[in-house]
2 protein chains.
Amino acid sequence: MPRRIKSKHQHVASLEAELLRRVRAHGGLSRVQLARDLKLAPSTAGIYVDRLVRAGFLIETENTGRETAGRPPTSLVPNPDGGRFIGVDFEARNLMATVVDFSQKPLRQVHKTLRPTDSAAQILAKIEEAIDEMTARDSRPVLGIGVGVPGAIDPVTNVAVHYDFIKGWSDVPLGARLGARFGVPVFLENNIRSMALAELWFGAGRGLRNFVCIGIRSGIAAGVVVNGHLLHGAQHRAGEIGHWVCPVPPELADGTPPRRNSEWRWQAGARLEQVASLSAIEAAAQRGLERKQETALADVKGEPTIDDVLAAAHNGDSFALSLVRAVGRVHGWVAHQVNELFNPEKIIFAGPLADLGDLFLAPVRETARELGDAGRDLAIVNSKLGQYNGAVGAAALALHQWKPKR
Amino acid sequence: MPRRIKSKHQHVASLEAELLRRVRAHGGLSRVQLARDLKLAPSTAGIYVDRLVRAGFLIETENTGRETAGRPPTSLVPNPDGGRFIGVDFEARNLMATVVDFSQKPLRQVHKTLRPTDSAAQILAKIEEAIDEMTARDSRPVLGIGVGVPGAIDPVTNVAVHYDFIKGWSDVPLGARLGARFGVPVFLENNIRSMALAELWFGAGRGLRNFVCIGIRSGIAAGVVVNGHLLHGAQHRAGEIGHWVCPVPPELADGTPPRRNSEWRWQAGARLEQVASLSAIEAAAQRGLERKQETALADVKGEPTIDDVLAAAHNGDSFALSLVRAVGRVHGWVAHQVNELFNPEKIIFAGPLADLGDLFLAPVRETARELGDAGRDLAIVNSKLGQYNGAVGAAALALHQWKPKR
DNA sequence: GGGTATTATTTTGAAATCGAAATTACTGTC
DNA sequence: GACAGTAATTTCGATTTCAAAATAATACCC
């Protein structure tokens with residue numbers, strides 16, 4: 001007569017889920033290592049592992065040749081055929097989806113382009129379409145769906161509350177809708193937070209207890225991990241640093257070059273999102289062209305897109321580079337402020353800008369270091385997880401919440 | 001053969017301690033209420049309560065007349081004679097100490113003035129002196145000491161790591177020293193964080209899970225409560241918003257009145273601590289006098305102290321008021337930034353400035369609201385706990401960590 | 001004044017988890 | 001190739017905590 005409504009690890013979905021999580025995060029652990037990791041008695045870990053092996057979710061692997069004395073450990077790995085999970089991540093312009101196996105390995109991914117004019121209904125349809133495409137011709141069961149949603153969400157009711165950049169996007173019952181359509185549990189999370197989860201579980205944040213992930217796309221937001229847990233805030237609105245009131249480097253204010261790196265301006269009400277996001281860069285590039293600025297971007301037909309600007313910067317175009325550097329300095333200021341307030345071990349930048357690497361990160365680091373000597377202990381890096389970062393994080397969200405039925 | 005090395009509530013000192021905490025925070029709870037609060041089975045709560053009653057730490061009180069049906073609950077209150085705890089809180093200029101009984105009621109308090117020239121050794125001596133004064137002629141045992149320390153601390157080794165405003169204050173083994181002298185456990189915490197604890201346990205933060213406490217004294221720092229727990233950061237350096245790079249209102253930059261409320265300036269590297277702390281106000285007042293500014297402060301002999309400025313503002317002196325308002329606007333900006341990042345339920349300002357009430361809070365609120373419409377859900381208030389806020393919090397720190405010996 | 005509804009607490013037996021003591025499966029050594 | 005050394009796992013009670021049922025103490029209604 002199993003009961004298990006509460007457990008010692010109350011803050012945790014269940015001990016089984018926690019064990020699976022550890023095994024996935026750090027494949028090939030032994031019972032004893034798991035016990036140590038989760039602070040369980042070895043006997044307890046043994047009981048649960050056996051249960052999961054018998055249920056077919058874990059596999060005992062061959063103990064490969066070892067050198068040390070003592071009884072060799074039996075390594076445990078997740079059974080890839082334990083089930084599949086789906087992750088979706090989107091914002092104003094792009095929708096990424098992925099399906100992962102039980103060991104968290106991506107099996108397939110799908111990208112769809114969204115238009116700013118797409119309505120909430122159209123976006124919902126595209127989400128369902130993407131999921132259908134990925135699960136077609138594969139009969140293994142889907143166990144859960146995770147969705148990284150832009151803007152505010154309510155993780156209790158699984159409703160997407162609001163997002164500025166999609167019209168009509170408010171109080172969308174995403175959880176109920178997808179749950180009804182696919183018949184599996186659906187988990188919602190704000191998409192920068194699901195990126196942070198991806199970093200925590202298999203990215204630059206692995207093993208860290210305190211870090212901040214800053215996503216720069218149409219908007220700018222931060223996913224904060226405190227003590228190994230996501231920060232949500234009172235109304236699940238934490239991390240909206242896009243609304244921060246920030247200083248503006250001259251290049252971004254009126255296009256004049258700065259006299260010193262530290263020469264910035266203050267504009268009443270300048271928001272980070274309007275100063276240092278991808279759309280802000282596009283706008284600044286366009287202003288530059290109108291000013292007859294000498295740049296390779298002048299050859300682009302139509303208004304230059306963010307991809308044009310980043311490509312130009314990559315090719316050494318000095319105007320494009322000056323924009324990237326100016327935005328980098330702003331984010332250096334952001335990193336400084338975030339560091340002083342949170343004292344994280346690491347700040348991880350994600351998005352196309354961060355994908356430029358040191359071209360973007362150098363001015364960020366330089367400025368952060370200039371502003372605060374406390375930055376010594378702080379690593380500023382970019383996300384290495386690539387475009388599907390958020391989608392994989394969303395899949396992991398579902399994966400990690402899921403627990404075997406009894 | 002009691003053992004109890006681990007318990008279900010692993011993140012918690014012990015169940016006994018947790019129960020005492022709840023009873024102290026919300027006197028007169030019944031066994032059932034405690035069970036609900038701590039998510040225990042009623043039977044479990046009963047076992048522990050009985051144990052604490054038998055050990056003399058809790059007292060069952062008369063069930064006062066009630067109106068509702070059903071068996072009346074037996075209320076439990078802490079036994080005031082269970083033992084005493086000491087709390088100390090200091091920064092560059094003041095040292096406050098208090099001794100509280102087992103139910104957390106302050107029995108006695110002591111204030112000492114520190115001079116900026118005091119060395120670390122002199123301050124240590126004053127701490128011991130304050131404790132001696134309070135415990136003289138009272139034989140009830142002291143069970144623990146909590147200290148709110150300015151600057152960085154290491155809560156594991158109980159060493160005060162560093163503080164800018166006291167010379168020679170680095171790596172002071174405060175815990176070991178006081179422990180040896182008084183023979184009881186000593187707990188260290190950064191003093192803004194111990195203020196935040198005081199607010200959490202019996203101030204404006206009671207019952208909240210997410211709030212930020214901003215202390216404005218010689219420096220400026222924030223104590224952040226996330227999910228009911230203090231935020232420490234990777235190196236226990238979280239909350240140092242005094243190092244934030246911030247905009248500067250004209251009044252504080254060069255004394256000219258602003259054309260609009262939103263007209264601020266950006267000075268390369270202006271730190272919040274140099275712009276909007278008590279010492280910054282003194283400096284700005286002094287600059288005003290040198291400019292022959294018309295103000296009641298001109299009558300003060302010597303350089304005006306912060307008390308002079310605050311008193312003048314209180315009496316309606318327009319120059320002093322303009323300083324307070326300008327500083328208020330800066331903290332409005334701070335509140336906005338903090339709100340967007342953390343999404344707390346409340347921001348609590350502490351310190352002499354906040355004690356002015358709406359004189360200070362009105363410009364804070366106004367600016368925060370101007371900058372962010374998200375501020376609708378956010379309450380901005382001042383601390384009502386008074387001068388001994390930090391000391392009481394420090395005492396509570398010791399009180400809450402303490403648990404009955406078995 | 002006795003029944004009934006209602007809520008608090010205690011009793012009871014079971015599940016989860018533990019710590020310590022076997023037991024197992026190796027490596028290395030003579 | 002027996003034997004000591006070592007580390008992983010299992011076995012075996014013991015302890016903590018639970019859930020559900022039983023009991024206690026009241027208010028309310030007739």
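What you see is a predicted model; the values in this text were computed from it and never measured. Chain A is the first sequence line, chain B the second, and so forth, proteins listed ahead of strands; every chain is numbered from 1.
In this structure, A/R24 forms a cation-pi arrangement with A/F102, its terminal cationic atom sitting closer than 6.0 Å to the ring centre and no more than 45° off the ring axis.
Nearest to the side chain of B/D50, among C/dA8, C/dT10, D/dT17, sits C/dT10. Nearest to the side chain of A/R31, among C/dC18, D/dA25, D/dT9, sits D/dT9. In this structure, of C/dC18, D/dT26, D/dC18, it is D/dC18 that holds the atom nearest to the side chain of B/S43. For B/A69, taking side-chain heavy atoms from C-beta onward, the closest of the listed nucleotides C/dT10, D/dA27, D/dA8 is D/dA27.
Protein atom CD of A/E60 is 12 Å distant from nucleotide atom C1' of D/dA8, rounded to whole Å. Spacing between atom CG of A/L58 and atom P of D/dT9 amounts to 13 Å, rounded to whole angstrom units. The interatomic distance linking B/R36 (CZ) with C/dT7 (P) rounds to 10 Å, in whole Å. Rounded to whole Å, the distance from CG on B/L15 to P on D/dC18 is 8 Å. Straight-line distance from the CD atom of B/E16 to the C1' atom of D/dT15: 14 Å, rounded to whole Å. Protein atom OH of B/Y48 is 9 Å distant from nucleotide atom P of D/dC18, rounded to whole Å. Between A/L29 atom CG and D/dA7 atom P the separation is 18 Å, expressed in whole Å.
Between A/T44 and C/dC18, a side-chain N or O to OP1/OP2 separation shorter than 4.0 Å is present. Distances shown here put a side-chain N or O of B/S30 below 4.0 Å from the OP1 or OP2 atom of C/dT9. At the phosphate of D/dG5, neither OP1 nor OP2 sits under 4.0 Å from any side-chain N or O atom of A/R71.
Looking only at side-chain heavy atoms (C-beta outward), B/R31 and B/D50 come within less than 4.5 Å of each other.
Counting distance only, with no hydrogens placed and no angle test, the side-chain atoms of A/T74 and the base atoms of D/dA8 include no donor-acceptor pair under 3.5 Å.
Relative ring orientation between A/W402 and A/F57 is described as perpendicular, the plane-to-plane angle rising above 60° on a 0-90° scale split at 30° and 60°.
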Take B/R140 and B/D101, measure what salt bridge (charged side-chain N to carboxylate O under 4.0 Å, His left out) needs, and give me the verdict at the end.
CA-CA 9 Å; B/R140 283 169 296 174; B/D101 69 14; 6.0 Å; no
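With values rounded to the nearest 0.5 angstrom, B/H236 atom NE2 is found 9.0 Å from B/E189 atom CD.
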